[in-house]
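First the structure, in the form of structure tokens, and then the observations on it.
Keep in mind that what you see is a predicted model, and the values were worked out from it rather than measured. Because only heavy atoms are used, hydrogens play no part in the values below, and waters and symmetry mates are left out as well, while side chains stay in. Below, read A as the first sequence line, B as the second, and so on, with proteins coming before strands; counting in each chain starts at 1.
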There are 2 protein chains.
Amino acid sequence: MSTKRRVPLDRKRVADAALNLLNEVGLEGLTLSAIGRELGVKAPALYWHFKDKQALLDEMATEMFRRMIAGTSPDPADTWRERLRKSNHALRTTLRGYRDGAKVFSGSRFTSLVHAEQMEDNLRLFTATGFTLAQAVRAITTTYVYTLGFVTEEQGTEPLPGQRREGFDLEERARAMEDFPLAAAAGAEIFADYDRHFTEGLEIVIDGIAARYGID
Amino acid sequence: MSTKRRVPLDRKRVADAALNLLNEVGLEGLTLSAIGRELGVKAPALYWHFKDKQALLDEMATEMFRRMIAGTSPDPADTWRERLRKSNHALRTTLRGYRDGAKVFSGSRFTSLVHAEQMEDNLRLFTATGFTLAQAVRAITTTYVYTLGFVTEEQGTEPLPGQRREGFDLEERARAMEDFPLAAAAGAEIFADYDRHFTEGLEIVIDGIAARYGID
DNA sequence: CAGCGGAACTTAACGCCGTTAAGGAGCGTG
DNA sequence: CACGCTCCTTAACGGCGTTAAGTTCCGCTG
């Protein structure tokens, strides 16, 4: 037992602890009492810092994004293509860094304007390259929802990089689908090699932007 | 009180009732006792038909998909572009037909092979057009995760078509972002006109497929 | 036609969850 | 020294998903 008095919590320390715990127990195991335990505090204490659990999840999503941009400063020499590549690969890496990361992220709203600066910078780059504002927004959000959707699906079978969710058997799937040979063969192409497939899909979208808006 | 005896439930009738209820109360209000009430049955009765709540959600997702393909028979004369357009617009329409539809859908796994036939048919069309199997899979899943991600984001602000989620004020957002003029102006471009924006993004992806794989 | 077995439920209960209410310890300020 | 604020605890609530045990009724078999 320590003689010192506890240093009070704040929103960030709670979000940090919750993000740590998330990787151990997943979203369904992420209870307020478990988070409190991690912090040496009882569950209701968290209500001093957050109005409800969703507010804490929002802070967690915001913190995830904060860590992402902390790890990457935008290169002014980037082309728009490189910028899209980097930011979406970084987004995927970030989301995959947490169990159920995509679910937590897409189910929440930012508690601050962390994303505004990156957004502004990207829009500046794009409009300076020749995109209209509307085109720039379309380009950025289309890649964004692609990445979000991809990781959501990915984490449905691989909660964390390298792990496989239980009850999922690729061979069993192929056997059940023997009446649909192409679809059966597609299984190996769908549920493996996520890194390469993500990159390929992202390049498709980027090529589409270039083709549709006539910008190299 | 009726003299007739209750006709027993089955998985489909439960899933139907649950899907109806979903639109009234949303995913967070979709409790087993509420579903039971809808069917004139107590909550534990549902465990006769489903091993747990997730199994019921899985059946709901499967039923959503079943209804989608029931409403659309594939036209053999479709080009691959038309096929991608139709199937992804149909998917979005389906998901938007249920409150939290995208969340329910992407958090579940099919309980039967409903999707195999459509998949097979699409893969046949694509490979016959000149795509390799790997390219065909990439084309189909890339558009698929785009649509899933799009509707997930869309339903974050518009739970059902035409409604707006509470606590979301576009003007307030613009005011908070006054230091980031482009990002602020982008708000109107992001959070409105989802129909047009979805179509535009989908066309981007389709153009990207054509450009990247050299197929018209 | 009696009796049996299984199908399809109900009732009761469990532990846990998010959340609220009330209260209390420790601190700075007048 | 008392007050008030910050930050937490204890106690309690209703509701949730789930399990166990018991009940009812149908259809089959001998």
Side-chain angles (χ1 to χ4, degrees), chain A residues 1-22 24-61 99-100 103-104 107-109 111 166-167, chain B residues 1-22 24-61 99-100 103-104 107-109 111 166-167:
Chain A
M1 49 186 79
S2 72
T3 66
K4 304 178 78 170
R5 194 155 153 63
R6 303 185 72 289
V7 29
L9 297 178
D10 55 29
R11 295 174 61 97
K12 170 148 173 46
R13 289 201 31 228
V14 176
D16 287 349
L19 283 172
N20 279 341
L21 189 59
L22 180 62
E24 297 173 21
V25 299
L27 184 54
E28 80 171 23
L30 192 76
T31 69
L32 292 180
S33 61
I35 298 168
R37 196 176 311 127
E38 209 83 352
L39 292 160
V41 133
K42 306 293 176 180
L46 302 177
Y47 283 82
W48 181 259
H49 305 281
F50 301 94
K51 77 174 242 286
D52 56 19
K53 190 183 183 181
Q54 184 55 54
L56 168 52
L57 289 167
D58 290 349
E59 190 65 40
M60 290 169 66
R99 179 118 72 111
D100 300 314
K103 234 181 232 174
V104 171
S108 305
R109 312 193 153 270
T111 62
E166 49 198 306
Chain B
M1 48 187 79
S2 72
T3 66
K4 304 179 77 168
R5 201 160 145 58
R6 301 185 74 297
V7 27
L9 297 178
D10 56 26
R11 294 173 63 95
K12 170 148 173 46
R13 287 198 36 224
V14 176
D16 286 350
L19 283 173
N20 278 340
L21 189 59
L22 180 61
E24 296 172 21
V25 299
L27 184 54
E28 80 171 21
L30 192 77
T31 69
L32 293 180
S33 60
I35 297 168
R37 197 176 310 128
E38 208 83 353
L39 292 160
V41 133
K42 307 293 177 182
L46 302 178
Y47 283 83
W48 183 259
H49 304 280
F50 301 94
K51 77 173 240 288
D52 57 17
K53 189 182 183 182
Q54 184 55 53
L56 168 52
L57 290 167
D58 290 348
E59 191 63 40
M60 291 169 65
R99 179 117 71 112
D100 300 313
K103 233 179 234 174
V104 171
S108 306
R109 311 194 154 267
T111 62
E166 50 198 305

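A straight line from CG of A:Leu39 to C1' of D:dT9 spans 15 Å, rounded to a whole angstrom. Distance, B:Arg37 CZ to D:dG15 C1': 11 Å, rounded to whole Å. When rounded to the nearest whole Å, the span between NZ of A:Lys53 and C1' of D:dC16 equals 13 Å. Spacing between atom CG of B:Asp10 and atom P of C:dA8 amounts to 9 Å, rounded to whole angstrom units. Remark: C1' of D:dT18 and CG of B:Leu56 are 14 Å apart, rounded to the nearest angstrom. Distance, A:Phe50 CZ to C:dG18 C1': 15 Å, rounded to whole Å. Spacing between atom CG of A:Leu9 and atom P of C:dG26 amounts to 17 Å, rounded to whole angstrom units. Atom OH in A:Tyr47 sits about 12 Å away from atom P in C:dC17, given to the nearest Å.
Within the 4.0 Å cut-off from OP1 or OP2 of C:dT10, not a single side-chain nitrogen or oxygen of B:Lys42 is found. One finds no side-chain N or O of B:His49 lying less than 4.0 angstrom from the OP1 or OP2 phosphate oxygen of C:dA7. Proximity of A:Ser33 to the phosphate of C:dC17: a side-chain N or O atom is located under 4.0 Å from OP1 or OP2.
A donor and an acceptor atom, one from each side chain of B:Gln54 and B:Asp58, are located under 3.5 Å apart.
Residues B:Leu56 and B:Ile35 are in side-chain contact: their nearest non-hydrogen atoms beyond the backbone lie under 4.5 Å apart. You'll find the side chain of B:Leu9 reaches within 4.5 Å of the side chain of B:His49, heavy atoms only. Within the 4.5 Å cutoff, side-chain heavy atoms of A:Leu30 are placed close to those of A:Leu57.
With distances taken from any side-chain atom of A:Leu32 to the nucleotides C:dG18, C:dT10, D:dC8, the minimum falls on C:dG18.
For the pair A:Pro44 and A:Trp48, nearest-nucleotide mapping onto DNA chain D gives the more 5' position to A:Trp48.
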